[in-house]
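These notes are about the structure you will find just below.
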Amino acid sequence: MQSHHNHPVLTDTHSFLTVKNIAVNYGEIAALQDVTLSIPANRVTVLIGPSGCGKSTTLRCLNGLVKIDGGSITYEDEGIQDLSETDLRRSMGYAIQSVGLMPHLSVEENVDLVPRLLGWPKASRTERVEKLLKLVRLEPEIYSKKYPHELSGGEAQRIGFARALGADPPMLLMDEPFGAVDPLNREQLQDEFIRIQRQLKKTVVFVTHDLDEAIRLADYLVIMKDGKIVQADAPERILASPRGEFVERFLGPDRALQRLTLFTADRLMEKVLSGVEEKPALAPDESSNRTYWQVDAEGKPIAGYAWVGDKAIRRLIVNGTHTVQQYSSLKECVSKILNLGLPSAAVVCEEGRLCGEVRFETIQQISQG
Ligand SMILES: Nc1ncnc2c1ncn2[C@@H]1O[C@H](COP(=O)(O)OP(=O)(O)O)[C@@H](O)[C@H]1O
Ligand SMILES: [Mg+2]
């Protein structure tokens, strides 16, 4: 379960919550058995598995709604049992599909619920609600005074998300939040979620039974079956090496290439070899599968070099045409790589500066398996 520590996306973070050997029984039913998990801080952990496998129960254990019958849950050095209910609510926002918005409260009152409970002063609450509505792209002037029955399904989900963020909790627990939304709106909500999460970097635990959704959103994917964890790792690593028949079947056939559309470049982005010099004096150690990027004074890529033996091949780079952005899909990376004939795709950030590369070799590791 510790393997995530040497993954590019999951390094540079610590464990926010540590779950050790927990068990939950409902009478004769063992809902969870020996579940061990460490939730990486500032990342999205997705729990997935067939209905009844224990996803919701796991989530409810994390915020103390369900008492565990064995094992321990440690939250930043304190056991969950030792935290008061208000502490728990403050540290964890909670958005669930079925527990919707309060029908008798307006949008702003719904979003304001937890800050008010925590006794925030009125002025900062008003400001907070406005900020959150803007964050989920619902104009406060239009939406503040509306009631839940006046909202579309997608709008209601956004308000639910804003409410979960209400008191700015470090952690968000989301139980199939987009479950009741039609596929088109669902994809839009996922886009919004990704955009907001990249900005806020919350520690999120997200439950879904939709595999595409899981792969799109997860930094850390946890596959459950019959109250146990069968595999937990970065999704690309699970796709590359599923553990056992159950996971393989769960992922389905031709999983890899199809799913390249779901991964963004920044997940696999690596540091580049680059410089303003026209041509590097020496080929780098792993010359055969690396690119040397020549950049201008502003750090924008001008050319890429690949090595064939000790001979360097130069390709001119046109920003945009030959480069990808952080949130471009891996499919787009592949098409740029094939188009240019270099071993990797250049990733550019704001103002077109080179900020990393995605290597073909790394993409290949995902698509095989
Ligand atoms: N309050 C409860 N009382 C009795 N059994 C429950 C209760 N909640 C969940 N269970 C059982 O525990 C198991 C796990 O349920 P749950 O965590 O809700 O699964 P999932 O969210 O993965 O669909 C199931 O067998 C379910 O029937
Ligand atoms: Mg559930």
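When a ligand or atom number is given, it counts from 1 through the structure's own listing order.
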Name the closest protein heavy atom to [atom], giving the residue it belongs to and the distance to 0.1 Å.
atom                    : result
atom 12 (O) of ligand 1 : Ala31 CB, 3.4 Å
atom 27 (O) of ligand 1 : Ile29 CD1, 4.9 Å
atom 23 (O) of ligand 1 : Gly52 N, 2.7 Å
atom 1 (N) of ligand 1  : Tyr26 CE2, 3.7 Å

Would [X] and [Y] count as having a side-chain donor-acceptor pair, cut-off 3.5 Å?
X      : Y      : answer
Ser106 : Glu109 : yes
Arg314 : Tyr305 : yes
Glu213 : Thr208 : yes

Does atom NZ of Lys146 have more than 12 heavy-atom neighbours, drawn from other residues, nucleotides or ligands, at distances under 6.0 Å?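 Atom NZ in Lys146 is packed in, count exceeds 12.
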
Phe263 ring center within less than 6.0 Å of Tyr327 ring center: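 For Tyr327 and Phe263, the ring centres are not under 6.0 Å apart.
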
Is at least one protein non-hydrogen atom found at under 4.0 angstrom from atom 7 (C) of ligand 1?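 Under the 4.0 Å cut-off, atom 7 (C) of ligand 1 does have protein heavy-atom neighbours.
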
Right, does atom 17 (O) of ligand 1 have protein non-hydrogen atoms nearer than 4.0 Å?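 Within 4.0 Å: yes, protein heavy atom nearby.
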
For Thr57, counting its heavy atoms only, list the atoms of ligand 1 lying under 4.0 Å from any of them.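 That gives atoms 14 (C), 15 (O), 16 (P), 17 (O) of ligand 1.
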
Ligand-residue contact atoms, ligand 1 with Ser51, heavy atoms, under 4.0 Å: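 Once the distances to Ser51 are compared, the set is 23 (O).
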
Quick test of your reading of the structure: of Gly54, Gly227, Gly27, whose heavy atom lies closest to atom 19 (O) of ligand 1?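 Heavy atom nearest to atom 19 (O) of ligand 1 belongs to Gly54.
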
Nearest heavy atoms of Gly352 and Asn319, plus distance in Å: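 Between these two residues, the closest heavy atoms are O-ND2, 3.2 Å.
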
Strictly below 4.0 Å, N to O, side chains only: are Arg353 and Glu298 in salt-bridge contact?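 Between Glu298 and Arg353 there is no salt bridge, as every charged N stays at least 4.0 Å from the carboxylate O atoms.
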
For the Mg ion (ligand 2), does an N/O/S atom of Ser56 lie at less than 2.8 Å?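 So Ser56 does bind the Mg ion (ligand 2) by this criterion.
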
